[in-house]
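Have a look at the structure below, then the notes.
In the text below, chain A, chain B and the rest are named by the order of the sequence lines, each starting its count at 1. Worth saying up front: this structure is predicted, and the values here are computed from it rather than measured.
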There are 2 protein chains.
Amino acid sequence: MISIVLIGTGNVAHHLFLSFLQAPSVTVRQVVGRNPEKSTPFSHTTKVTTDFNDITVADVYIIAVSDNAIELVSNALGPVSGLVVHTSGTMELSALKKHPHSGVFYPLQSFSKEKSMILKNVPLCLEVKNEADFGILEELALAVSESVFQISSKQRKHLHLAAVFVNNFSNHLFHIGETICKTHELPFELLKPLIEETVCKLHTMQPLEAQTGPAKRNDTQTMQAHLALLENKNHIALYKLLSNSILEVYGKKL
Amino acid sequence: MISIVLIGTGNVAHHLFLSFLQAPSVTVRQVVGRNPEKSTPFSHTTKVTTDFNDITVADVYIIAVSDNAIELVSNALGPVSGLVVHTSGTMELSALKKHPHSGVFYPLQSFSKEKSMILKNVPLCLEVKNEADFGILEELALAVSESVFQISSKQRKHLHLAAVFVNNFSNHLFHIGETICKTHELPFELLKPLIEETVCKLHTMQPLEAQTGPAKRNDTQTMQAHLALLENKNHIALYKLLSNSILEVYGKKL
């Protein structure tokens, strides 16, 4: 049985908590949060505290707070004999330098408050300062997810950057698609099967092979016609830049 | 029973053909293609011809050829008493001006040769020159799809443009994500659950609400750190432009 103390009451803490509750080999000893109101949802099943001097002994302390608060919280905690980890995609392991046993437990997913999600298929990216601590962190990760990876701080930064491209930026393109639909009295529903198919293809093809469209074909007539339809200056600039970027990828292949 | 003649032997023709074969209220009388080799897969169940003077009488003639060949094929066909439609997202209805009964039967999906797909959930966007012809085209569409819309030529152009943003351009962002992963020895598999969740959220939220990430939060520190990691000039330019476009959308909302 691995015992944990969860520090933080936000989105990530909430999702981790629900998954740990369902894992028979994990026990959440305590949830620590500054705001008593935000701690209420956790208090039905678990001891909660707002006092950093009242923290229970545990095998692993998970700091699931916003990036700019990690080092502050780490410094407020301790000294503890257990492993102290944060859950950030971007922060260095050294943010936890106060603690001799430190690591990272980064769930690569976009969590929303509105939508609960178990971690089973969420990739967990692990890192430890001392290799001897990897075993317990891996055991904890495997208790809630089938997708566990050992990733260095440097790799994690690049992974987070790649995540911004595939998640944040593609969602913005969906927003642009919806805006075009609304302006021309078309239901956004029309585009959803196409979006789903774009993602479905990733199971059988690399994005490089799956690429279609006027830029891939260097169909300048269609690209000019599209540019003439656009009015928003950001949409025009994005259409040009994305098309040029595609052209360069496939131009090099010719 | 609606009888059709299918002109074209490419990707779209292939997918339409398979769906029509399975529709009890539709009969494909003939497939017309210039290239006898490409017609072979159709010939097992249906009469095929390469000769435009040998075209059978039918209720609907579907011209499923590449955009720049539509007008040529339309002019080579006829005169016929049935309804003549093309399947393009970008071409005007007037490309079929030779025919008094004309229309558009545009399936909004990205078809690949490698992946067969029935049309059941594919939106079919219909347009007719004479409103009196709408009934038969709608009946034909409903025989193969549950998602049928009447869309004008002007709307269809904007819809195709929106499709480029949500499909072609987001696939290119997936390619960039994969490139970053490869460069840093990370498996692209790590990003797939995140990509799937991005799309899954569209069922319960608008893209405008679903947006997350450093640009949405105006987290300049993370954005600067990301830019410092990028080396490819197109990726840098895209990161800046997409982030600025997101900032402007949410800046306006503050």
Counting heavy-atom pairs under 4.5 angstrom with chain A, the leader among B/Ala210, B/Cys125, B/Ala215 is B/Ala210
Can you tell me which portion of B/Ser245 sits under 4.5 Å from chain A's heavy atoms? Options are side chain, backbone, both or neither. both
Taking atom CD of A/Gln221 as the centre, report whether more than 12 heavy atoms of other residues, nucleotides or ligands fall under 6.0 Å from it. no
A side-chain contact here means heavy atoms from C-beta on lying under 4.5 Å apart; do B/Thr198 and A/Ser170 qualify? yes
Atom pair NE2/CG of A/His235 and B/Leu161 - distance to nearest 0.5 Å: 10.0 Å
Of B/Gln211, B/Met205, B/Lys201, B/Lys216, which is the lone residue that meets side chain to side chain contact (heavy atoms under 4.5 Å, CB included) with A/Asn171? B/Gln211
Do we see a donor-acceptor contact under 3.5 Å between the side chains of B/His203 and A/Glu196? yes
Using 0.5 Å steps for rounding, measure from the NE2 atom of B/His158 to the CG atom of A/Leu229. 4.5 Å
A/Arg217 atom CZ, neighbour heavy-atom count above 12 within 6.0 Å: yes
Under 4.5 Å from any heavy atom of chain B - which part of A/Thr90: side chain
What distance do A/Thr222 atom OG1 and B/His160 atom NE2 have between them, rounded to the nearest 0.5 Å? 6.5 Å
With no hydrogens and no angle check, do the side chains of B/Glu185 and A/Gln155 hold a donor and an acceptor under 3.5 Å apart? no
Can you give me the closest heavy-atom contact between B/Pro207 and A/Glu178, atom names plus distance? CD-OE1, 3.1 Å
Please give me the minimum heavy-atom distance between A/Leu194 and B/Ala163, naming the atom from each residue. CD2-CB, 3.4 Å
Counting heavy-atom pairs under 4.5 Å with chain B, which one of A/Ile246, A/Thr183, A/Asp219 comes out on top? A/Ile246
Decide yes or no for B/Phe174 and A/Leu208: does some side-chain heavy atom of the first lie under 4.5 Å from some side-chain heavy atom of the second? no
Counting only N and O atoms by type, is there a donor-acceptor contact under 3.5 Å from the side chain of B/Gln109 to the main-chain atoms of A/Pro193? yes
Inter-residue atom distance A/Leu238.CG - B/Leu241.CG, 0.5 Å rounding: 4.0 Å
Let me know if B/Lys192 has heavy atoms under 4.5 Å from chain A in its side chain, its backbone, both or neither. side chain
Heavy-atom pairs under 4.5 Å with chain A, option from B/Leu108, B/Val122, B/Leu186 with the top count: B/Leu186
Check each atom of A/Ser243 against the heavy atoms of chain B and say whether the ones under 4.5 Å are side chain, backbone, both or neither. both
Does A/Lys233 pair with B/Glu248 as a salt bridge, N-O distance under 4.0 Å? yes
Rounded distance (nearest 0.5 Å) linking atom OG1 of B/Thr179 with atom CD of A/Gln206: 9.5 Å
Minimum heavy-atom separation for B/Ala162 to A/Gly177, with atom names? CB-O, 3.8 Å
Of the listed B/Pro187, B/Ser152, B/Gly213, the one with the largest count of heavy-atom pairs under 4.5 Å with chain A is B/Gly213
Heavy-atom distances under 4.5 Å only: say whether B/Leu173 touches chain A with side chain, backbone, both or neither. both
Before you tell me yes or no, could you show the steps for A/Leu202 and B/Ile195 under side chain to side chain contact (heavy atoms under 4.5 Å, CB included), namely the whole-Å CA-CA distance, both residues' side-chain angles and the distance that decides it to 0.1 Å? CA-CA 10 Å; A/Leu202 298 181; B/Ile195 293 173; 3.8 Å; yes
Is it the case that the ring center of A/Phe169 lies less than 6.0 angstrom away from the ring center of B/Tyr239? yes
Need one label for A/Asn167: side chain, backbone, both or neither, based on atoms under 4.5 Å from any heavy atom in chain B. both
Separation between OG (B/Ser147) and CG (A/Leu190), nearest 0.5 Å, reads 6.5 Å
Are more than 12 heavy atoms from other residues, nucleotides or ligands located less than 6.0 Å from atom NZ of B/Lys240? no
Identify which part of A/Leu159 has an atom lying under 4.5 Å from any heavy atom of chain B, answering side chain, backbone, both or neither. both
